[in-house]
Amino acid sequence: MRRLNRLLLFSVPLWGLSLSAQQSAIYTHELKDFDKAITLYNDKQYQAAQILFEKTKGENKEMEVQADCAYYIANCAIRLDQMDADMLMENFVEDYPTSTKQNQAFIEVAGYYFAQGKYPQALQWYDKVDESSMSTADRDKYNFQKGYSYFSAGDKKQADKYLNKVINSKEFGSQAKYYLGFMSYESDDYKKANQLFEQVEDQGKYKEKMSYFQADMNFKLGNFQKAIDLGVPQLSKSDANEKSELNKIIGESYFNLGKYDKAIPYLKEYHGKKGKWNNTDFYQLGYAYYKQGDYENAIAQFNKIIEGNDSVAQNAYYHLGESYLKSGKKQQALNAFKNASEMEYDLKIQEDAWLNYAKVSYEIGNPYQSVPAVLGAFLEKYPATQFKQEIQTLLINSYITSKNYKEALILLEKDKSATNRPAYQKVTFYRGLELYTDGNYQEAMTMFKKSIAEPRDPRITARATFWKAETESVLNAFSEALITFKQFMGNAEAKTTPEYKNINYNMAYTYFKLKEYEQAAKYFQDYVSQATAKGDAVRLNDAYLRLGDSNFVTGKYWPAMEAYNKAIDMKGIDADYAFFQKGLSYGFVARNEKKIEDLTKFVQTYPKSKYADDALYELGNTYVTEKNTTKAIQTYDKLIADYKESSYVSKAIMRQALIYYNAENDEKALDKFKKVVAEFPNTPEAMEAVSTARLIYVDKGRTDEYAAWVKTLDFVDVTDADLDNTAFEAAEKQYLQNNNKQAISSLSGYVAKFPNGISSLKANFYLAQSYYAEGLESNAIPSYEFVISKSRSEFTEQALARLSQIYLKKGDYAKAIPVLKRLEVEADFPQNVTFAQSNLMKGYYDQQDYANAVVYAGKVLSNTKTEDKVKSDAQIIVARSAVKANDEPKAREAYAKLLTIAKGELAAEALYYDAYFKNKDGKFEASNTTVQKLSKDYSGYKYFGAKGLVVMAKNFYGLKDSFQATYILESVVKNFTAYPDAVAEAQKELDAIKAEEAKRNSSIQK
């Protein structure tokens, strides 16, 4: 119990020694001034008296009179507080050593200072007194006053000595016993203090004050009921400070007696030391509320214990956790139990706190470490716990529910006991799915294989088998994928899995990739027969397209057209492709009139389709077949005019030239041949144009004109033509047989010898492909660049795609972006356009060109065929770009959309921003719910976990829960040093909160 800030003392009766005015017989009426001075002195008119004493001393030469005057002059000086008073009295003692007033002078001065409460000055004069010449009555008064002066001066040893001399005095005994009792109380000698107080408690002037001390002493002696009985009546008689202390004594006494309902009112009225409560004060009131079931008030008090690090704090944090649990606030409970579990003052409380921390972590997730790690650490610390079986069960289950498969796997790899094998199979499977989602297919494959190798749960085995096959497909191992898909279908549990509904589609696609089109058509047909548009419209639409393609390739054109019609009717993705393919199919069943009708309609309906130039080219060719050369030339003209970047332009001009040639319109034919050569040098069409033009010149006998023309062409060397063709044919043979190393050698030789040879374009493309196949990507770059530097050809699109892939792999966006922009414009295949746009989006973001990054993200998102993974990438770039540009409304919208499609780390980022924006809107509870989801479902992504905790701390402070706020921020600073920006933000918030809390605690706490 705290001591009072001031001593509770009483006024001491003062008995100053009376001054004798009697004179010896020798004094006569001539000493009237002296007599008058004495009268003035006794009337306390010291200034006037001093003047007359000084006058008498100057006029009267009698030694005794002068001694008396000097004595009184010094006494007046003391009472007038004159600066030289002490010196005057010392001069008197020194000048008149035989004066009878000398000892009395010491007593007089000491008594005067005592009466004024100037105890140090009084002691100086008491020390000069000769005790042997004093009477018994004067000696008792002297001993008491000197003892009290020592008491007031804090010298308890000397005070005890002098006060004990008058303990039996009739006049001073009671006072001496009171002060001796008070000194015993101050020295914690409560037994002696009680004995002394009991001897004077019948005296009213002491009883009132002693009740406080006796209440405090009984409290300290553990006599709590007696402390209450003494303290309660005293409350109404006490001043504000005593009342505060008595409330604490009474409240804490009830607390110790377990009468918490009675303790609360008194504990609340305590004002603390210097207006501040300490941790024990908050704890006692909080615990009293806790025992009453008033958890909200208990939380409010426990939460005021900040930076506590002792047994009281540990106890408080433990019961704070209990209060939160009772209130259904599990996240807050987790933090409180964690704090208590990290303290070792009470080992039983520490173990209980650990247990609760582990259980709550399992229920809601843990933002600081993985739930399996928490549970495992508990078992390691308390291997003999009675809850061992329960925690082991939770540990196994937590591997799945926490979704922190990466860390769970680390723990399971260390403990491969039989009881953990089922969990190991599940964890490897779900970890494989995570890796697959993140595009890490090789590691995903390893996980799926490990899961299959632990066939504990047949359903998990079946699912792992399916995803192993999917991963093999992504890695282009289609033969292996086919075998694995068949294994999945043969598994008895396959039909119970969510993957089974699409197995026919997966099988069909695998056969399709293996070019086993009849088998592909069979499985696509099986899939579309069972699927419905409501289930998965995109997949069903694609299945009809691929079913049409499979039948088309195998020459089953009528079934192909039927499938294409289904795709067209769905009005979904690639409806233009289906329309185009259907038109082509009519040509193969000798229905050219229908082919012309459909292709004409196609061009009108889809003028911006990627297949519009294909359709015009096929339409022109069909007119040629039908001998309608006028329509054919018009159609080719439209292709050349409207689709200047099409790879069919050179072919269309060449077709026109041949029409004129076959019609013996040689001049128009030559114009077209020369146009092909001029605009598309080095292409196969240019070579054919030169060759056919030669025939015209020969027929016309204009060989000199031909020779002159050919000499202007740097890619034709007539004299070396045979050697050129021979060299290229030899190199091409190696390439076509997939002998990459020999192909590289032969093609390199050809390119070096014939840099502008007849087949230089094709040779460079083949050489680049061979280098790429061998993993020599840097070597492939010059050859790909050669191909794309020439006019548009059949190799341009693939060269652009490969070259951009190489630059992207190197992370060289500066070189990749121009190539990707060309690929976007020139590509015929939609997948290449999608590839170009998605990587332009990433490239511009990497180059901090956020405006263009957002533009391309918009293109990616508008493509309905874009996969969710790519859509996630696009949405995150929109969101991050908006954050960089401080465009909060756009960032909010983008992250909200991302949240609906993202997985893995992107989902963690989206959840963080969802919590962040809710915090900004003051929706603290909703924000905390989001952070809890982040920590439970995405605990493997520590960076966003740390950032989320900072938001959670802000939420709690917004909810006026300072304990949670400071504890969470301290945990971030301590546990997430790998993320400096998160730590810096946490430290900033922590400093601000502590500064604010210091202000709050500087006022009186209630």
Side-chain angles (χ1 to χ4, degrees), residues 248 251-252 254-270 277-308 310-343 345-346 348-367 924-929 931-932 952-968 971 993 997 1000-1001 1005-1006:
K248 181 64 172 172
E252 201 165 336
Y254 275 127
F255 181 92
N256 290 328
L257 290 171
K259 299 177 180 179
Y260 303 108
D261 56 332
K262 294 183 177 181
I264 291 171
Y266 293 102
L267 292 175
K268 287 171 64 179
E269 291 302 315
Y270 176 57
W277 280 23
N278 61 27
N279 288 348
T280 301
D281 302 329
F282 290 126
Y283 168 72
Q284 287 177 340
L285 183 55
Y287 188 80
Y289 280 127
Y290 168 81
K291 294 297 287 186
Q292 289 300 105
D294 186 350
Y295 301 116
E296 288 303 318
N297 272 319
I299 289 168
Q301 297 305 317
F302 289 140
N303 263 337
K304 293 173 184 175
I305 301 175
I306 297 175
E307 295 185 329
D310 51 27
S311 59
V312 172
Q314 183 186 25
N315 218 312
Y317 293 145
Y318 175 79
H319 288 100
L320 175 60
E322 289 279 295
S323 298
Y324 275 130
L325 274 187
K326 299 286 188 181
S327 304
K329 298 178 179 179
K330 293 182 179 179
Q331 178 62 52
Q332 296 92 319
L334 181 135
N335 292 329
F337 285 132
K338 182 176 187 292
N339 208 359
S341 73
E342 292 169 347
M343 298 181 179
Y345 300 101
D346 186 320
K348 178 58 180 170
I349 286 179
Q350 183 185 31
E351 181 175 355
D352 286 348
W354 244 113
L355 178 65
N356 281 296
Y357 174 54
K359 286 183 176 180
V360 176
S361 294
Y362 174 78
E363 287 185 45
I364 68 168
N366 188 301
F924 304 126
E925 295 284 4
S927 179
N928 269 349
T929 300
V931 177
Q932 287 170 358
M952 178 177 274
K954 292 181 183 179
N955 291 332
F956 278 124
Y957 200 63
L959 293 167
K960 305 189 184 311
D961 191 336
S962 55
F963 165 76
Q964 294 294 329
T966 54
Y967 181 75
I968 291 170
S971 295
I993 290 174
E997 288 300 295
R1000 180 179 69 82
N1001 283 334
Q1005 302 298 321
K1006 286 191 177 182

Are any of the side-chain heavy atoms of [X] and [Y] separated by less than 4.5 Å?
{"X": "N303", "Y": "K960", "result": "no"}
{"X": "F337", "Y": "L325", "result": "yes"}
{"X": "Y317", "Y": "I305", "result": "yes"}
{"X": "D961", "Y": "Y324", "result": "yes"}
{"X": "W277", "Y": "K304", "result": "no"}

Looking only at non-hydrogen atoms, find the nearest pair between [X] and [Y] and report the distance.
{"X": "D261", "Y": "P265", "answer": "O-CD, 3.3 Å"}
{"X": "F302", "Y": "G286", "answer": "CZ-C, 3.4 Å"}
{"X": "A953", "Y": "A965", "answer": "O-CB, 3.4 Å"}
{"X": "A288", "Y": "F255", "answer": "N-CE1, 4.2 Å"}
{"X": "Y290", "Y": "S323", "answer": "CD1-OG, 3.3 Å"}
{"X": "V312", "Y": "N279", "answer": "CG1-O, 4.0 Å"}

What's the separation between atom [atom1] in [X] and atom [atom2] in [Y], rounded to the nearest 0.5 Å?
{"X": "K330", "Y": "S361", "atom1": "NZ", "atom2": "OG", "result": "12.0 Å"}
{"X": "Q932", "Y": "E363", "atom1": "CD", "atom2": "CD", "result": "11.5 Å"}
{"X": "L959", "Y": "M952", "atom1": "CG", "atom2": "CE", "result": "10.5 Å"}
{"X": "Y270", "Y": "D281", "atom1": "OH", "atom2": "CG", "result": "5.0 Å"}
{"X": "I264", "Y": "Y254", "atom1": "CD1", "atom2": "OH", "result": "13.0 Å"}
{"X": "Q350", "Y": "Y318", "atom1": "CD", "atom2": "OH", "result": "12.5 Å"}

**Q.** Contacts of N955 that satisfy side-chain hydrogen bond (donor to acceptor under 3.5 Å, both in side chains) - sequence neighbours left out
**A.** N919, S927, N928
Q | Any donor-acceptor pair under 3.5 Å from N356 side chain to A353 backbone | A | no
Q. Hey, is the main chain of L285 close enough, under 3.5 Å, to the side chain of Q301 for a donor-acceptor pair?
A. no
(Q) Working note: Q314 + D346, criterion side chain to side chain donor-acceptor pair (under 3.5 Å); need CA distance, chi angles, decisive distance, verdict. (A) CA-CA 8 Å; Q314 183 186 25; D346 186 320; 6.0 Å; no
(Q) Tell me which one of N335, I299, N339 satisfies side-chain contact (heavy atoms from CB on, under 4.5 Å) with L320. (A) I299
Q) Could E925 and K329 be called an ion pair, given the rule that one side-chain N must be under 4.0 Å from one carboxylate O? A) no
Q. Do K338 and E342 sit within salt-bridge range, that is, some charged N less than 4.0 Å from a carboxylate O?
A. yes
**Q.** Proximity of Y295 and Y289 rings by center, below 6.0 Å
**A.** no
Q: Check the angle between the aromatic planes of Y287 and Y260 and answer parallel, tilted or perpendicular using the 30° and 60° thresholds.
A: perpendicular
Q: Please name all residues satisfying side chain to side chain contact (heavy atoms under 4.5 Å, CB included) with N315, sequence neighbours left out, ordered by chain then number.
A: Y283, H319, I349
